2 protein chains.
Amino acid sequence: MRLTTKGRYAVTAMLDLALHSRTNPVTLTDIAARQTISLSYLEQLFARLRRADMVKGVRGPGGGYTLSSDANNINIADIIAAVDEPIDATKCGGEANCQNEKACLTHDLWMGLSAQIRQYLKSITLGDLIAKQLAQETAIVKSEEIVNIVELHKTNELHSIL
Amino acid sequence: MRLTTKGRYAVTAMLDLALHSRTNPVTLTDIAARQTISLSYLEQLFARLRRADMVKGVRGPGGGYTLSSDANNINIADIIAAVDEPIDATKCGGEANCQNEKACLTHDLWMGLSAQIRQYLKSITLGDLIAKQLAQETAIVKSEEIVNIVELHKTNELHSIL
DNA sequence: TAATTGTTGACTATTTTACTTGGTTACGTA
DNA sequence: TACGTAACCAAGTAAAATAGTCAACAATTA
């Protein structure tokens, strides 16, 4: 999991799409204008999002893009993963052929950390962000997910990281 | 908070330093060799770490670098923050002068997310990683910190994100 | 004094990011 | 059927970040 501005562009565009494609498809031209992102750059991002089957393209007049599934089923982690290159698996890419244990230690640290952050971003959906947008007030905290994360903290995940 | 390979280099180097500077300073040449990182690149990273007062340089023969404080007081978030450029605060950099609310929504999302991840990385210290290295077995889970994170999840933080 | 190591600055190469240009293809509508 | 619209696609480019090189200088120890 890598966190850069590229991923933020994608999340912003997807949120814009989720907010405006309730009835009709939304054109990239519209999104580009609203979010001040270059149209062609958006095209490249959406090519990846389409290959990841997160959006559907509709050609011709009245066309544009729609979400492939419900906003509540699209999480932030998947959006970022779709547009970001996978982070290079360091020198000892899982082959365990590194001479010194320390390199593998930080490798494990980073992989575990990524998994942790990924899990967190996976718990937030576009639907959550829309709810915030529509309600514009204190949001409903999704207690179950948080509890799950905590349990994982206490049992599995942290064991392999720390 | 930005997560790239640069930050990982820094964390790896700092962990190597923490593991080897128990008695004497450690030269960057040694770290470069062990972790297969270019010496001059390490020099640049350590220049920033020194300015952030996280390491101390000792010149001359027998010199090298040592940690400025105890490994238990150096957390991962600070290391990454020291070497990474601060992420550009988007177009509407806190000035709240953006025309459309959506841009600000994702801006808030990203800032909150960064704070969340930062808090998580702040709860892990070099000492924790050393303990793992030395014990090489199931680590002690720092329950208090985790509980704190959870409480923040439930009360303050998520409100502003979701 | 000589060797060692940090410190600094300037410079280069590679990769990623962000954007541009110029097409083609599919589709709806006049 | 012709036309406009918008997705789709393939290059290439500019700027930035990443990663690394080279060379000089400063402090310290033996």
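Since we're looking at a predicted model, the values are computed, not measured. FYI, side chains are in, hydrogens and waters are out, and symmetry mates aren't considered; it's all heavy atoms of this structure. In what follows, every chain begins at residue 1, and chains take the letters A, B, ... in the order their sequences are listed.
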Worksheet entry | A:Arg2, nearest nucleotide to its side chain (from D:dG12, C:dT16, C:dC27) | C:dT16
Worksheet item: Between the side chain of A:Ser68 and the main-chain N/O of A:Val55, is any donor-acceptor distance below 3.5 Å?
Response: yes
Worksheet, complete the sentence: Regarding the side chain of B:Gln44, the nearest nucleotide among C:dC19, D:dG20, D:dA26 is D:dG20
Fill in: Short side-chain N/O contact from B:Arg50 to OP1 or OP2 of C:dT7, under 4.0 Å
yes
Fill in: Length of the CD-P vector between B:Glu43 and D:dC22, whole Å
13 Å
Fill in: Whole-Å gap separating C1' (D:dT5) and CG (A:Asp30)
12 Å
Worksheet item: Which whole-number value in Å describes the distance from B:Asp84 CG to D:dA19 P?
Response: 10 Å
Practice prompt. Could you work out which one of C:dT5, C:dT20, D:dG20 sits closest to the side chain of A:Ser40?
Written response: C:dT20
Item to complete: Figure out the CG/P separation between A:Leu42 and C:dT17, and round it to whole Å.
Response: 16 Å
Practice prompt. Rounded off to whole Å, could you give me the NZ-to-C1' distance for the B:Lys6 and D:dA19 pair?
Written response: 9 Å
Response to the item:
Closest of D:dT18, D:dG4, D:dG20 to the B:Thr5 side chain is D:dT18
Worksheet item: OH of A:Tyr65 versus C1' of D:dA7: gap in Å, rounded?
Response: 6 Å
Discussion item. What I'd like to find out is whether the side chain of A:Met54 reaches to under 4.5 Å of the side chain of A:Leu17, using heavy atoms alone.
Written reply: no
Discussion item. Within the 4.0 Å heavy-atom criterion, would you say A:Leu39 contacts the bases, only the backbone, or no part of the nucleic acid?
Written reply: nothing
Practice prompt. Rounded off to whole Å, could you give me the NZ-to-C1' distance for the A:Lys56 and D:dA6 pair?
Written response: 18 Å
Fill in: Given DNA chain C, 5'-ward residue of the pair A:Tyr41 and B:Leu28, judged by closest heavy atom
B:Leu28
Worksheet, complete the sentence: Comparing A:Gly7 with A:Gly62, nearest DNA chain C nucleotide closer to 5' gives the residue A:Gly7
Discussion item. Is it true that B:Asp78 and B:Asn75 share a donor-acceptor pair across their side chains at a distance under 3.5 Å?
Written reply: yes
Response to the item:
Result for 5'-nearest mapping on DNA chain D, choosing between A:Arg51 and A:Pro61, is A:Pro61
Discussion item. Taking the nucleotide of DNA chain D with the nearest heavy atom to each, does B:Gly60 or A:Ala47 sit closer to the 5' end?
Written reply: A:Ala47
Practice prompt. For the side chain of B:Thr4, starting at C-beta, report the closest nucleotide among D:dT18, D:dG20, C:dT17.
Written response: D:dT18
Worksheet item: For the pair made of CG in B:Leu45 and C1' in C:dT8, what is the distance, rounded to whole Å?
Response: 15 Å
Discussion item. Apply salt bridge (charged side-chain N to carboxylate O under 4.0 Å, His left out) to residues A:Arg50 and A:Glu43 and explain how you reach the verdict.
Written reply: CA-CA 10 Å; A:Arg50 194 171 50 78; A:Glu43 283 177 351; over 6 Å; no
Worksheet item: Shortest non-hydrogen contact from B:Leu42 to B:Ala13?
Response: CD2-CB, 3.8 Å
